[in-house]
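Report on one structure; see the data block that follows.
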Amino acid sequence: MSVSGFVDGRLIYILEFPFRCNSFASKLRQQLNRRFPNGDVRGQFLRSANFDYRDFMECDDLRVVFCLSKSELEKYRNNIVKGFYRFLMEVAPDD
């Protein structure tokens, strides 16, 4: 799975993790079970599945493909959720 973030059209980060990551798969499974409590229904879909950084940031195979440097990232601090911003600052390259 690849996830990326943009602010005003500027690429901020690209992260990759396996779709099978337990926390991520669990989040999707919960949503599927809520939408289809009796199992799969032909012709119906879960179009609004969602997740956030908390569902993948602890995946063992999480890989930072791209992240702005710490000083560049600082410019977008107000556009990024506080917990995710802290995580990005940990993985961001130094200047």
Closest heavy-atom pair, L28 versus A49, reported as atoms and distance to 0.1 Å, is CD2-CB, 4.0 Å

Here the gap from D55 atom CG to M1 atom CE, rounded to the nearest 0.5 Å, amounts to 10.5 Å

- Task: Let me see the working for Y53 and F87 under ring pair (Phe, Tyr, Trp, His ring centres under 6.0 Å), right down to the final yes or no.
- Result: CA-CA 9 Å; Y53 75 96; F87 167 77; 7.5 Å; no

| message | Tell me whether F36 shares a hydrophobic cluster with F45, the cluster being built from Ile, Leu, Val, Met, Phe, Trp, Tyr side chains joined at under 4.5 Å. | response | no

request  = Is it possible for you to say whether V91 and V81 belong to one hydrophobic cluster, with membership spreading through side-chain heavy-atom contacts below 4.5 Å?
outcome  = yes

Exercise. Determine whether I80 and I12 make a side-chain contact, defined as any pair of heavy atoms from C-beta on separated by less than 4.5 Å.
Key: yes

Test item: S4 and L11 side chains (from C-beta on) under 4.5 Å apart, heavy atoms: yes

Residues pairing under disulfide (SG to SG under 2.5 Å) where one sits in residues 16-48, two or more places apart or in two chains, turn out to be C21-C59

Q) Any salt bridge between R10 and D8, counting N to O under 4.0 Å? A) no

Side chain to side chain donor-acceptor pair (under 3.5 Å) pairs touching residues 21-42, sequence neighbours excluded, are R35-Q44

Exercise. Side-chain heavy atoms under 4.5 angstrom apart, residues restricted to Ile, Leu, Val, Met, Phe, Trp, Tyr: same cluster for M89 and F6?
Worked result: yes

The complete set of disulfide (SG to SG under 2.5 Å) pairs with one or both residues in residues 64-95, sequence neighbours excluded, reads none

*Flag the pair L68 / Y13 as yes when at least one side-chain heavy-atom distance between them is below 4.5 Å, and no otherwise.*
no

Check: Do other residues, nucleotides or ligands put more than 12 heavy atoms under 6.0 Å from E72 CD?
Finding: yes

Legend entry - Side-chain ion pair, D95 and K70, N-O less than 4.0 Å: no

Discussion item. For a 4.5 angstrom cut-off between non-hydrogen side-chain atoms, does V7 reach Y76?
Written reply: yes

Query - CA sep, side-chain torsions, deciding dist, call: F56, F17, ring pair (Phe, Tyr, Trp, His ring centres under 6.0 Å) - result: CA-CA 7 Å; F56 63 79; F17 58 92; 4.8 Å; yes

Checklist line | Note, L73 side chain near Y85 side chain (heavy atom, < 4.5 Å) | finding: yes

Output for pair (I14 CD1, S2 OG), nearest 0.5 Å, gives 7.5 Å

(request) May I ask you to test the R20-D61 pair for a side-chain heavy-atom distance under 4.5 Å? (result) yes

So, do L62 and E16 sit near enough that their side-chain heavy atoms are less than 4.5 Å apart?
no

- ILVMFWY cluster, F19 and V64 together (side-chain gap under 4.5 Å): yes

